[in-house]
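What's counted below: heavy atoms across the whole structure, side chains too, no hydrogens, waters or symmetry copies. Everything quoted here is computed from the prediction, not taken from an experiment.
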Amino acid sequence: MLFDSHTHLNNEGFTEEQRRALMEEIEASDVSYVMDVGFDLESSQLAVKHAGENPWCYAAVGYHPHDTKDMDDMVLELIRGLAKKDKVQAIGEIGLDFFYDHSDRETQRYWFRRQIQLANELKMPIAIHSRDADQETLDILKEEGAFSKERQSWFPKRKGPGGEELPDSRVLLHCFSGSKELAKQYIKLGATLSICGPVTFKNNRRTQDVVREIPIEFLLVETDAPYLTPEPFRGKKNKSPYVEYTARKVAELKGISYEEAARITCENAKAFYGIR
Ligand code: NI
């Protein structure tokens, strides 16, 4: 039982045939659920289509910071329409990417804010992409009320190991690669962190420390396929079944069994996305 909490079956590099083969492979694997995450209009539409066709697939819709240069009010309206469709569980991936700067920073900030506002309006979970923009991502999320008490009141509470209630603002930091200090700041605000393939790299002490320090109730696992392939397949194209290797690493770092890590992160992802 695994939940690949962030993947791209909608990647534009796939032919229909490759995509079908990939879906069959997912069906035959231990992966019970995947979240197909949009990054522009076309990929968001595709994610919704995939969710409609496959019982194990759900969708997130939104504009990646790279693509915000193509956004306007009309496109935002189309995203709003998609967000209301069946099995669309989140707005994402949205955020800031000051590493590549494919869209200029003002444009990225503007549409990041507008899409958080959309998620608040629709009372939906948010999936964040942040690269080389740690402080500003956090600041904008705070300013737009992404961690507000009001927002937290819209969702069922997160449960701790003893059944106690923990904060949950339904904000997911996808492929979290920040420090453990930043991770601690985020979970205090009720955010959730998703761990991806690079945690398996030998020299990635930073993310391994995050997994050791942060309670498992706040962690999900993902592939971000076709990118960020975990060991032992590093260098090959990534795919959802490889989420197993990230879950195995989380288990090792937490000192629990793989089965337990797989089950808990799957339950966490279902709760985060509001899937029963
Ligand atoms: Ni992604």
Side-chain angles (χ1 to χ4, degrees), residues 5-6 35 37-39 44 58-65 67-68 71-73 75-85 88-98 103 105-160 165-176 178-179 181-194 214-215 217-220 268-269 271-275:
S5 68
H6 184 119
M35 183 57 60
V37 181
F39 46 86
S44 296
Y58 290 81
V61 298
Y63 262 71
H64 190 286
D67 298 287
T68 48
M71 272 198 101
D72 57 29
D73 285 324
V75 166
L76 186 68
E77 281 314 303
L78 295 172
I79 293 291
R80 181 197 306 276
L82 287 172
K84 291 175 180 167
K85 299 232 187 234
V88 178
Q89 308 299 116
I91 298 297
E93 58 190 294
I94 66 174
L96 300 173
D97 193 315
F98 294 167
S103 295
R105 294 184 180 183
E106 258 326 296
T107 304
Q108 292 188 39
R109 291 182 186 107
Y110 177 78
W111 289 109
F112 183 28
R113 287 183 189 276
R114 292 286 304 271
Q115 292 183 94
I116 300 167
Q117 290 160 13
L118 176 66
N120 283 341
E121 195 187 308
L122 301 176
K123 301 188 170 151
M124 289 177 79
I126 304 172
I128 303 293
H129 170 104
S130 176
R131 188 150 182 206
D132 280 9
D134 281 351
Q135 192 58 48
E136 228 184 301
T137 299
L138 181 57
D139 291 345
I140 289 179
L141 283 165
K142 280 183 182 169
E143 285 165 24
E144 296 298 338
F147 306 117
S148 68
K149 286 278 170 287
E150 191 199 348
R151 189 175 153 84
Q152 292 190 26
S153 75
W154 301 335
F155 307 107
K157 294 280 178 259
R158 190 195 310 262
K159 290 277 187 277
E165 292 189 342
L166 299 169
D168 196 347
S169 43
R170 301 294 169 105
V171 173
L172 180 67
L173 278 298
H174 129 70
C175 201
F176 185 77
S179 65
E181 289 74 25
L182 183 66
K184 284 179 183 170
Q185 259 182 293
Y186 266 121
I187 68 159
K188 248 187 217 153
L189 294 163
T192 302
L193 311 179
S194 182
I214 299 300
E217 289 74 25
F218 292 86
L219 301 180
L220 311 185
N268 291 349
F272 179 86
Y273 287 120
I275 295 167

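Counting heavy atoms from C-beta on, the side chains of D168 and L166 never come closer than 4.5 Å. Residues E136 and F98 form a side-chain contact, since some pair of their non-hydrogen atoms from C-beta on lies under 4.5 Å apart. Side-chain contact between R114 and D73 is present, with at least one heavy-atom pair separated by less than 4.5 Å. Between Y186 and L141 there is a side-chain heavy-atom pair separated by less than 4.5 Å. The closest side-chain heavy-atom distance from V171 to L189 is not below 4.5 Å. Between L82 and V88 the shortest side-chain heavy-atom distance does not fall below 4.5 Å. At least one side-chain heavy atom of S44 sits less than 4.5 Å from a side-chain heavy atom of I79. W111 is listed as a side-chain neighbour of L76, based on a closest heavy-atom distance under 4.5 Å.
Here the CZ atom belonging to R113 is positioned 11.5 Å from the CD1 atom belonging to I94, to the nearest 0.5 angstrom. If you take NZ on K159 and CG on N268, they are separated by 13.0 Å, rounding to the nearest 0.5 Å. Atoms CG and NE2, from D97 and H129 in turn, are 3.5 Å apart once rounded to the nearest 0.5 Å. Between atom CZ of residue F155 and atom CE of residue M124 there is a gap of 9.0 Å, rounded to the nearest 0.5 Å. The distance from the CD atom of Q117 to the CG atom of L122 is 12.0 Å, given to the nearest 0.5 Å. Residue L219 holds its CG atom at 12.5 Å from CZ of F272, rounded to the nearest 0.5 Å.
Within the 3.5 Å criterion, the main-chain N or O of I91 finds no donor-acceptor partner in the side chain of Q115. Side-chain atoms of S103 come within 3.5 Å of backbone N or O of P65 as a donor-acceptor pair. Under the 3.5 Å distance criterion, the side-chain polar atoms of R158 are matched with a main-chain donor or acceptor of E217. Between the Q152 side chain and the F147 main chain, a donor and an acceptor come within less than 3.5 Å of each other. S169 places a side-chain N or O within 3.5 Å of a backbone atom of G190 that can act as its donor or acceptor partner. In this structure, R151 contributes its side chain and G145 its backbone to no donor-acceptor pair below 3.5 Å.
Heavy-atom minimum distance, S5 versus Y273: O-OH, 2.7 Å. Between A191 and L173, the closest heavy-atom pair is CB-CD2, 4.0 Å. When all heavy atoms of P167 and F218 are compared, the pair lying nearest together is O-CE2, 3.9 Å. The two residues L172 and L193 have their closest heavy-atom pair at CD1-C, 4.1 Å. Residue I275 comes nearest to M35 through the heavy atom pair CD1-CE, 4.5 Å, listed as atom of the first residue, atom of the second, then distance. For the pair I128 and F112, the tightest heavy-atom approach, listed with the atom from each and the gap, is CD1-CE1, 3.7 Å.
At a threshold of 4.0 Å, the pair E121-R80 counts as salt-bridged, since one of the basic side-chain nitrogens sits closer than that to a carboxylate oxygen.
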message: Under the criterion side-chain contact (heavy atoms from CB on, under 4.5 Å), I'd like the reasoning laid out for I214 against K184: C-alpha separation, chi angles, the key distance, then a yes or no.
response: CA-CA 7 Å; I214 299 300; K184 284 179 183 170; 4.0 Å; yes
- prompt: Taking it one step at a time, do E106 and R109 satisfy salt bridge (Lys or Arg N to Asp or Glu O under 4.0 Å)?
  reply: CA-CA 5 Å; E106 258 326 296; R109 291 182 186 107; 2.7 Å; yes
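Using the six-membered ring where Trp is involved, H174 and H6 have ring planes that are parallel, under 30° apart on the 30 and 60° scheme.
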